[in-house]
There are 2 protein chains.
Amino acid sequence: MKNVADLAGVGVKTVSRVINQERHVSADTIARVMQAAEQLQYQPDVQAGNLRRADRRTDTLGLLVGSVANPFSAAVHRAVEDAAIHRHVAVFASSLDDDPERERASVEAFLRRRVDGLILTTIQPSQAYLGPQLEQGMPVVFVDRRPNGLVADTVLTDNLDGAARATRHLLGAGHRRIAFLGDSGDIYTAKERKRGYLEALRLEGVAPDAELVIENLGEEVQAEAAVNRLLALADPPTAIFSAQNLITIGVITALRAHGASERVALVGFDDVPMASLLSPAVTVIAQDPTAIGAIAARQIFARLDGNAEPAQDFIVPTRLIERGSGEIRPV
Amino acid sequence: MKNVADLAGVGVKTVSRVINQERHVSADTIARVMQAAEQLQYQPDVQAGNLRRADRRTDTLGLLVGSVANPFSAAVHRAVEDAAIHRHVAVFASSLDDDPERERASVEAFLRRRVDGLILTTIQPSQAYLGPQLEQGMPVVFVDRRPNGLVADTVLTDNLDGAARATRHLLGAGHRRIAFLGDSGDIYTAKERKRGYLEALRLEGVAPDAELVIENLGEEVQAEAAVNRLLALADPPTAIFSAQNLITIGVITALRAHGASERVALVGFDDVPMASLLSPAVTVIAQDPTAIGAIAARQIFARLDGNAEPAQDFIVPTRLIERGSGEIRPV
DNA sequence: GTCGCCTCCGACAACGATGTCAGTGTCTAG
DNA sequence: CTAGACACTGACATCGTTGTCGGAGGCGAC
């Protein structure tokens, strides 16, 4: 900036005024400064400005999602980015990988860089460590999973309702032996979805069978193995509710291998890529990651703009997409 | 930092020394400072430090990809993140959307934030505007597309070879009427893939038919329409080479609708999600986005660590995955 | 005892920008 | 002609941190 000022023959403050489009600079001076800035390829340093600026904004956001390579997370990321770009806010994106240590490291990295706000998916047993930041007025929005030990804005899929709906859909097709395949019970969404499954069974008067409930499936191959076990039972399930994306894919693979995909009904939680092109096409409870990201970003910016209402929950509804696999009736 | 110093009863410089683990601080003082920092939940401001620090590093990277929601881009992003996290480097990720204005805005946003390096996918006709940064020693690596008006490290899929291989594969199955479906000829990868297609035809002595070459397909529905047109020709193609991800999906949808998916052969460039679960399963030329991201990050860090060799091209090979659709023989 | 070296520590300037304030010049109303 | 308002400008302090430098004290070698 000093160089620009020297070249234009003005003081640094005047350059600052021109760059920030403040008033009280003559047209002539503006032209000279602009030309000098152009000539020197001057780019202001937002961090340095931020140091002295009154509002202390860095125009930067920290986003922590499951994994930037996961389609659900990627859609959330994209929605956040689209909201941020309009405000000239840049987004730091990190992957959680359901690793508590990564949560800690990422949040710390964000805070050291003085982001204006945080959008977080979490795995640690408690997020109380963010208390000081919240009190200082930093906007924090949790997405996909509810925080513990802290009250803050949270954007959630309606997991309970979606899982119940999936289960009711299968019950409605006449199924009574419906298996539940889910991932680790430590994860908020997994717990909720299992709860929805059990509740729907209860309301219909169907006693849950522990044999049909398999959890802690982290990867596709584990889901495949689980299906293999289920189909080998004396009284195998006639339908499967798969409570997560990758698990659904594992289930499809395993059912195919057994030649059972036209016989055993399947409803998955969270949409699967290419679902409508598979045969049978896959019935799912679709989430709306774009809405989740958009709402989270909107709330962050509302807070930055002064909204000081009490923390709020945003529940994003799911949508049942009937494509075929969920409408198979028991034999 | 001032507060920590006061609380610990030492000077600010001593706090700085403790935080940065410099030598010449007594164990007793270290303990006092650490305790004060803990008590005040002190987080150093990396940007302020960077202002004065000799190396001027912000431990920050700018990454511009096609779209963070696209699986290919997401995999690149993930690979970059994994490399960065080990060096405590945070990544700004942005989406290009093949919009020149977005390229300009994103790069500017990165530069204003003084990132240590750039990993870019570009769309503008020239990247000469980055000349000054390159000269100042900022590492810039281009991924997926070659830059124009600038010599810099570049990581590319072997588009020419991959496209030629796809075409040869179809020729080898006996096809002579092979359609080419690609996106905008303005895009580097599209040009290269078309070149590979034409070259393979030429080497085999097959005259290209302009009727069978359709370009500028940006979205799935356009690809579907193109297939409809192709199948309505007097002498329709017996095979299709689809030069991009989304186009391949559109082709599959359209072939299905015509009941032609078991009759018309298909090879796609870039893998498609769930490809092996479709019927017929989709034969593709798979790219390796993880390798691309990893190589780009490695090169950025090598440059930051002082590597000053001339700019280099990294060509990442493709892999032909035969799954069925590409092995259909002409009737 | 003195010199030199080393450890430990803090005062101060500086990084690149902005907020404050005061100074100059011009215009308008009385 | 003068006072007051307002446009325009730059000097200076400041943001949170680190580089430089010098001072105080301890220790070993001569």
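Quick note on labels: first sequence line is chain A, next is B, and so on, each numbered from 1. The analysis underlying the following values was restricted to heavy atoms, covering all of them including side chains, and did not include hydrogens, waters or symmetry mates.
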Problem set entry | Check ion pair B:Asp98-B:Arg145 (N to O, under 4.0 angstrom) | yes
When only distance counts, do a donor and an acceptor, one from the side chain of A:Arg52 and one from the base of D:dT14, lie under 3.5 Å apart? yes
Q: Could you tell me whether B:Arg303 and B:Asp153 make a salt bridge, using a distance below 4.0 angstrom between a side-chain N and a carboxylate O?
A: yes
In whole angstroms, the gap separating C1' of C:dA17 from CZ of A:Arg53 amounts to 8 Å
Ranking D:dG19, D:dT9, C:dA17 by distance to the side chain of A:Thr29, first place goes to D:dT9
Separation of C:dA14 atom P from B:Asp55 atom CG, nearest Å, is 20 Å
From CZ of A:Arg23 across to P of D:dC6 the rounded distance in Å is 10 Å
In whole angstroms, the gap separating P of D:dT18 from CG of B:Asn20 amounts to 4 Å
| A:Asn50 side chain N/O closer than 4.0 Å to the phosphate oxygens (OP1, OP2) of D:dC15? | no
Report yes if at least one side-chain N or O of A:Ser16 is closer than 4.0 Å to OP1 or OP2 of C:dA17; otherwise report no. no
May I ask you to decide if the ring planes of B:His77 and A:His77 are parallel, tilted or perpendicular, using 30° and 60° as cut-offs?
tilted
All heavy atoms of A:Ala93 vs all of A:Val68, minimum pair found to be CB-CG1, 4.2 Å
Check your understanding: Is the phosphate of C:dC9, meaning OP1 or OP2, less than 4.0 Å from a side-chain N or O of B:Thr14?
Key -> no
Between the base of D:dG19 and the side chain of B:Arg17, is one N or O donor paired with an acceptor at under 3.5 angstrom? no
Which of C:dC8, D:dT18, D:dT9 is nearest the side chain of A:His24? It is D:dT9
Rounded to whole Å, the NZ-P distance (A:Lys2 to C:dA17) equals 12 Å
Checklist entry - Is there a donor and acceptor pair, one atom on the side chain of A:Lys13 and one on the base of C:dG19, closer than 3.5 Å? => result yes
Which of D:dT18, C:dC9, C:dG16 is nearest the side chain of B:Arg56? It is C:dG16
Check your understanding: Are A:Arg32 and A:Glu38 close enough for a salt bridge, meaning some N to O gap below 4.0 Å?
Key -> no
Judged by nearest nucleotide, the residue sitting upstream toward the 5' end of DNA chain C, A:Ala54 or B:Val25, is B:Val25
Base, sugar-phosphate, or nothing: which does B:Val10 touch, judged by heavy atoms less than 4.0 Å apart? sugar-phosphate
From CD of B:Glu22 across to C1' of D:dG19 the rounded distance in Å is 9 Å
- Message: Any side-chain N or O of A:Ser26 below 4.0 angstrom from OP1/OP2 of D:dT9?
- Response: yes
Side-chain contact check for A:Asp45: nearest option of C:dA17, C:dT7, D:dT17 is C:dA17
Heavy-atom nearest nucleotide on DNA chain C taken for A:Ala48 and for B:Gly11; more 5' hit belongs to B:Gly11
- salt_bridge(A:Asp97, B:Arg78) N-O dist < 4.0 Å: yes
B:Leu111 atom CG is separated from C:dG16 atom C1', nearest whole Å, by 16 Å
Whole-Å distance, B:Arg113 CZ to C:dG16 C1', equals 16 Å
